[in-house]
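All heavy atoms count here, side chains included; hydrogens, waters and symmetry mates do not. Letters A, B, ... are given to chains in the order of the sequence lines, protein chains preceding strands, and every chain is numbered from 1.
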2 protein chains.
Amino acid sequence: MNDPENPPDEHNLKPTRRKADRPDEIVQAAMEVFLQVGFARAKVTDIARKAGAAKGTVYLYFTTKDHLFEAVVRRFIGPMLNQMDAYVSNFKGTSRELLSGAILICYEQLADNPTRRAILRIMISEGHRFPGLVEIYHRDVVSAALNTMRRIIDRGVRSGEFRPTAAKDFPQVIVGPVMMSAIWKLTFDNIAPIDISKVAESHLDLLFEGLLA
Amino acid sequence: MNDPENPPDEHNLKPTRRKADRPDEIVQAAMEVFLQVGFARAKVTDIARKAGAAKGTVYLYFTTKDHLFEAVVRRFIGPMLNQMDAYVSNFKGTSRELLSGAILICYEQLADNPTRRAILRIMISEGHRFPGLVEIYHRDVVSAALNTMRRIIDRGVRSGEFRPTAAKDFPQVIVGPVMMSAIWKLTFDNIAPIDISKVAESHLDLLFEGLLA
DNA sequence: TTATATACTGACTTTCGAGTCATTAAAGCG
DNA sequence: CGCTTTAATGACTCGAAAGTCAGTATATAA
């Protein structure tokens, strides 16, 4: 390919695409608009304007509003929880500390972060129209997080720190309050705001110690 | 009223409104359609057809699609958790049993019931456009349920059965897994179905006993 | 039976926004 | 500088669905 006498694929670098980053600008703008008004009420014109372009430009890069939507979701799902695995793998302390940390990361990643919350809302409200996206979200985010939880619980059980409970089979129970917090922020926060860090604290206490005296 | 010589307020009963129950038929039909396709993609014509009427008829009773939507939500929020209070008030057993029962009712009412789940989805996805509805939902459903939880926890703490935890201040933590189950059913159930009764069981075990050995 | 009021209808009007495309502007290149 | 290719534009088309209303059907009253 990089045969010197015969400049390889001459279009590669030279044209210096004036705007190779237009697509991402548009995706970014689209995310903001979807966040504010949801998919159905988002106008392509508005997205374009926010990206500093005209409507036609959007259709230069995305064939359809639906496709643009897909691109947005893929783009923002991607960098979601690489953090977690790294954290878990090289951890040395007790399983309690480990699980606490992991759960706190979940709060940070899902409940605290407006963009991630927006994705969640989108999945819930627009999900049935885009089954492919839901699948990706499930695999890359939900399932991934739950599996991490499972691993940690296993670690704790094997070390004798944790009781062998059914929690391993239903990590949903463990992260349930995180989901609750995210939904709350999305929906009820202007009526009755909650302090996520306090919720998290209470969550961890209850999770480990239980409610009984 | 059947005074022959001077018919009192002649409009009152006589016309025998041929269809006093039309509005409710329409609301019912609207709920079904909203449940299937969401608010934005629901067509008034479809709602009308499903109610066995023509589009014009809908606008005879509801000035706007938005108003119809409001009517639907109000109608279905209403009879949501009267069950709970009755249950709690005349309960005699241990607080653990009481709380277990209350939580199971929550699962039944929110996670198991398709209509209630639909309302939840609507609140999450359409909420910002209808702040009044969210407020009602919060007051009549969410806040009501959380307060019941608080009362039960208090009862348990006073009787010495429960530890005095911060859970009383954040009952969200306690019902979090219920919310998670509802969302799961709404969003991921065809990818990875869950058995709600098993989730509930695991939830209760963990809640009372905690995770630690 | 006729007159009048009420319930209902669905063809029509209007609005709105997704998607197109002829045109313009700019960049690269000899 | 022209010539060509590529990026971008926004006025326009077109379909879809909300909302209207003149007209029809049915019931009650007289």
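Here the nucleotide nearest the side chain of B/Ala54, chosen from C/dA18, C/dA11, C/dT9, is C/dT9. The listed nucleotides are D/dT9, C/dT9, C/dT20; the one nearest the side chain of A/Tyr59 is C/dT20. Comparing C/dG19, D/dT9, C/dC8 by their closest approach to the side chain of A/Lys65 singles out C/dG19.
Using a 4.0 Å heavy-atom distance criterion, A/Ala48 is classed as making no nucleic acid contact. A/Ala42 comes within contact range of the sugar-phosphate backbone alone, with a heavy-atom separation under 4.0 Å but no base atom that close.
Residues A/Lys65 and A/Ile47 fail the side-chain proximity criterion, which asks for heavy atoms closer than 4.5 Å.
Close to D/dA7, at under 4.0 Å from its OP1 or OP2, lies no side-chain N or O of A/Arg22.
DNA chain C is contacted by both A/Thr64 and B/Thr57; B/Thr57 maps to the nucleotide lying nearer its 5′ end (nearest heavy atom per residue). Along DNA chain C, the nucleotide closest to A/Val44 and the one closest to A/Leu60 are compared, and the more 5′ of them pairs with A/Val44.
Checked against the 6.0 Å centroid criterion, the rings of B/Phe76 and B/Phe34 do not qualify as a close aromatic pair.
When the C1' atom of C/dG17 is taken as reference, atom CZ of A/Arg41 falls 12 Å away, rounded to whole Å. Following rounding to the nearest Å, B/Tyr61 (OH) and C/dT9 (P) show an atom-to-atom distance of 9 Å. One atom, CZ of B/Phe62, and another, P of D/dA18, lie 15 Å apart when rounded to the nearest Å. Here the P atom of nucleotide D/dG19 and the NZ atom of B/Lys55 are 9 Å apart, to the nearest Å. Rounded to whole angstrom, the span from the NE2 atom of A/His67 across to the C1' atom of C/dA18 amounts to 14 Å. One can place CG of B/Leu68 at 16 Å from P of D/dA17, the figure rounded to the nearest angstrom. Between A/Arg49 atom CZ and D/dG10 atom P the separation is 10 Å, expressed in whole Å. Atoms NZ (A/Lys43) and C1' (C/dG19) sit 16 Å apart, rounded to a whole Å.
A cation-pi geometry, defined here as NZ or CZ lying under 6.0 Å from the six-membered ring centre and within 45° of its normal, does not hold between B/Arg22 and B/Tyr61.
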Distance-only check: which donor-acceptor pairs under 3.5 Å involve side-chain atoms of residues 167-194 of chain B, not counting sequence neighbours?
unit_1   : atom_1 : unit_2   : atom_2 : d
B/Ser181 : OG     : B/Pro177 : O      : 2.8
B/Trp184 : NE1    : B/Ala192 : O      : 2.7
B/Lys185 : NZ     : B/Asp189 : OD2    : 3.3
B/Thr187 : OG1    : B/Ile183 : O      : 3.0
B/Asp189 : OD1    : B/Ile194 : N      : 3.2

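The main-chain N or O of A/Gln28 is never found under 3.5 Å from a side-chain atom of A/Lys50 such that the two would form a donor-acceptor pair.
Note on the helix from C/dT1-D/dA30 to C/dG30-D/dC1: angle between the axes of the first and last five pairs equals 10°, rounded to 10 degrees.
In this structure A/Glu108 satisfies the side-chain hydrogen bond (donor to acceptor under 3.5 Å, both in side chains) test with no other residue, sequence neighbours excluded.
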*Show the numbers, then the answer: is there a salt bridge (Lys or Arg N to Asp or Glu O under 4.0 Å) between A/Arg49 and A/Asp46?*
CA-CA 5 Å; A/Arg49 193 169 7 255; A/Asp46 290 352; 3.6 Å; yes
